[in-house]
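Everything on this sheet refers to the single structure shown next.
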Amino acid sequence: MPSETSDTYEGEMEQTLPQHSASSRPRDTRVKVLYIMGAPRCGSTVLDNILNEIDGFFSAGELRFLWQRLHQERFCGCGKAFGDCEVWSRVLEGLAGDGVDLSASKLMSRQKAISGTWRTWQLLHQIRKGDVSPEIQAHGQLTSTLYQKIRAVTGARVIVDSSKRPWDAALLGSLTDVSPFFIHFIRDPRAMAFSQSKVKANPDRGQPGVMAPTAISSSALQWIRRNLSADAVRRAHPDDRSMVIGYQEFCSKPRDIVEEITALVGEAESKLPFSDDHTVNLGGNHTVSGNPDRYRRGPVPIREDNRWKDQMPGRDKTIVSLMTVPLMHHYSRVIQRTDTGSDRRSPTAARGESL
C-alpha cells in the first residue's frame with residue numbers, strides 16, 4: 001500500500017496557504033464536498049493528499065476529528081498546532097467562540113452522543129421523513145458553517161473530507177448549503193486487518209505517539225459495518241453522485257482513477273499532480289487528521305501493499321475471511337478489479353446490489 005511503504009523521503013514542514021486563482025473562486029452558495037467513505041487503512045489518506053494538489057481542491061483530512069484534535073492539542077498536516085496554522089486559525093476564528101478547548105470538549109461529547117455507524121440507517125430515514133432531531137440539526141449547521149468557512153479561507157471549489165464515517169456522510173444529505181459527492185473506497189478486509197494489527201508511529205503531537213493496533217476480529221467487524229452503511233448512503237443519492245473504488249484498482253491505475261473523480265465533481269479539466277502514471281508529487285497539506293503518511297512530501301510512488309499475503313498468519317486470514325465472506329463476495333469485483341471498469345457508477349457495481 002502506498003501509505004505504508006518503507007521508502008524514506010525528505011520535505012519541509014512549513015506550508016503556505018493554498019492559492020487559487022480569482023477566477024476559480026466559487027460563486028454558488030452551495031459548497032461542493034467530496035466525502036470519502038470506507039473502513040480504516042483503505043488508502044483514503046493517499047487519495048486525499050493527491051486531490052489536495054489539484055487546483056481548486058482543498059483536502060481537510062478526517063474533518064470529523066477536528067474537535068477531538070483541538071482538545072488533544074494535536075498538529076495539523078502542516079506540522080503546526082491548529083492555533084498557529086495559517087488555515088485553521090482563520091477557519092476557527094469566531095467559529096467555536098472563546099475558550100476553544102472547552103468548546104471542543106463539548107462538541108466532542110455532542111458528536112459522540114448523536115453519531116455512530118449503526119445509526120446511519122436511522123439518520124437516512126430521519127432525513128427522508130424530514131424529522132431530524134434538534135441536536136443533529138445543530139451539529140449539521142455547525143458542519144455546514146465549517147465547510148463554508150473553509151471555502152472562504154482557501155478559495156477552494158471542492159472540499160475533500162476523508163473522515164470515512166458513513167454517518168457523517170449521511171448527514172451531508174440534510175445540509176442545504178452543501179452539494180455532496182461520495183467516494184466509497186474498498187480494500188480487501190484481510191489486508192485492512194493486517195495493516196491495523198501493526199503499530200505505526202504518529203508525529204501529530206508534541207511528544208512521540210503511535211496509532212495503536214486493532215484486534216483482527218475488531219477490524220473485520222469494522223469492515224462489515226463501514227461498508228454496509230456506506231452502501232446505504234450511496235443508495236440514498238443519485239448514481240451520478242458517487243463512485244466505488246477498489247484499493248487494488250486504485251494502485252493499478254491511480255491517474256485514471258483521479259481523472260474519474262475530478263469528472264465526478266465537475267472538474268474534469270483539472271491538471272493532475274502526477275510525474276508519471278504511478279508517481280505523484282506531494283507538496284503539503286492542512287489535513288486535520290488521518291494516517292501518519294499525510295506528512296509525506298515530494299515524489300511518492302503509488303503501489304499496492306500486499307504484504308499481508310505472505311506475512312499475515314494463516315489463522316488470522318481464516319478468521320477475517322469467515323467473518324466477512326458474504327460481504328467480501330458481494331464486493332469481489334471491486335476488490336479484485338485492476339482495470340478501470342466503465343460500470344463503476346452503475347446500479348450494481350457502483351451503488352451496490354441489495355443485500
Does T45 use its side chain to pair, donor to acceptor, with the backbone of N291 at less than 3.5 Å? yes
Results of side chain to side chain contact (heavy atoms under 4.5 Å, CB included) for S89 - residues two or more places apart only: none
Test: salt bridge (Lys or Arg N to Asp or Glu O under 4.0 Å). Region: residues 213-229. Which pairs qualify, not counting sequence neighbours? none
Sequence neighbours excluded, the answer for salt bridge (Lys or Arg N to Asp or Glu O under 4.0 Å) partners of E267 is R157
Side chains of T262 and V158 in contact at under 4.5 Å (non-hydrogen atoms): no
Connected to V132, directly or through other members, by ILVMFWY side-chain contacts below 4.5 Å are I114, L123, I127, I136, W167, L171
Contacts of F185 meeting ring pair (Phe, Tyr, Trp, His ring centres under 6.0 Å) (sequence neighbours excluded), chain-then-number -> F250
Apart from V199 itself, which Ile, Leu, Val, Met, Phe, Trp or Tyr residues share its cluster (side-chain heavy atoms under 4.5 Å, direct or through members)? V210
Applied to residues 117-132, the side chain to side chain donor-acceptor pair (under 3.5 Å) test, sequence neighbours excluded, yields none
Are L172 and L142 co-members of a hydrophobic cluster defined by side-chain heavy atoms under 4.5 Å apart? yes
With F182, which residues qualify under ring pair (Phe, Tyr, Trp, His ring centres under 6.0 Å), at least two apart? H237
I'd like to check V87 versus I150 (side-chain heavy atoms, cut-off strictly below 4.5 Å). Are they in contact? no
Do the non-hydrogen side-chain atoms of D231 and Y331 ever get within less than 4.5 Å of each other? yes
For R30, is there an ion pair with D177 - N to carboxylate O distance below 4.0 angstrom? no
Is it true that a side-chain atom of S252 and a backbone atom of Q248 form a donor plus acceptor pair closer than 3.5 Å? no
Under a 3.5 Å distance rule, please check whether S162 uses its side chain to pair with a backbone N or O of I36 as donor and acceptor. no
Side chain of K200, backbone of P213: donor and acceptor closer than 3.5 Å? no
Between R64 and T143, is a side-chain hydrogen bond (donor to acceptor under 3.5 Å, both in side chains) present by the stated rule, with each step listed? CA-CA 9 Å; R64 83 174 319 267; T143 302; over 6 Å; no
Would you find a donor on one side and an acceptor on the other, under 3.5 Å apart, between the side chain of E53 and the backbone of G283? yes
Residue pairs, two or more places apart or on separate chains, that pass side chain to side chain donor-acceptor pair (under 3.5 Å) and touch residues 269-283: R255-D277, D276-T279
For Q68, does its backbone N or O pair with a side-chain atom of Q111 as donor and acceptor, under 3.5 Å? no
Taking only residues two or more places apart in sequence, or in another chain, which ones meet R190 in a salt bridge (Lys or Arg N to Asp or Glu O under 4.0 Å)? D188
In this structure, SG of C76 is separated from CD of E86 (nearest 0.5 Å) by 9.0 Å
Name all residues meeting the salt bridge (Lys or Arg N to Asp or Glu O under 4.0 Å) criterion together with R165; count only those two or more places apart in sequence or in a different chain, and write none if there are none. none
Say whether, by atom type as modelled, one donor and one acceptor occur between the side chain of N227 and the main chain of G38 under 3.5 angstrom. no
W308 versus S195: any side-chain heavy-atom pair under 4.5 Å? no
Partner of E62 by salt bridge (Lys or Arg N to Asp or Glu O under 4.0 Å), out of R74, R69, K164: K164
Would you mind writing out the side-chain donor-acceptor pairs for residues 312-329 within the sub-3.5 Å range, not counting sequence neighbours?
{"unit_1": "K317", "atom_1": "NZ", "unit_2": "K309", "atom_2": "O", "d": "2.6"}
{"unit_1": "T318", "atom_1": "OG1", "unit_2": "G314", "atom_2": "O", "d": "3.0"}
{"unit_1": "S321", "atom_1": "OG", "unit_2": "K317", "atom_2": "O", "d": "2.8"}
{"unit_1": "T324", "atom_1": "OG1", "unit_2": "V320", "atom_2": "O", "d": "2.7"}

I'd like to know if the side chain of S163 and the backbone of L63 have a donor-acceptor N/O pair within less than 3.5 Å. yes
Using a strict threshold of under 4.0 Å (side-chain N to carboxylate O), is an ion pair present between E73 and R205? no
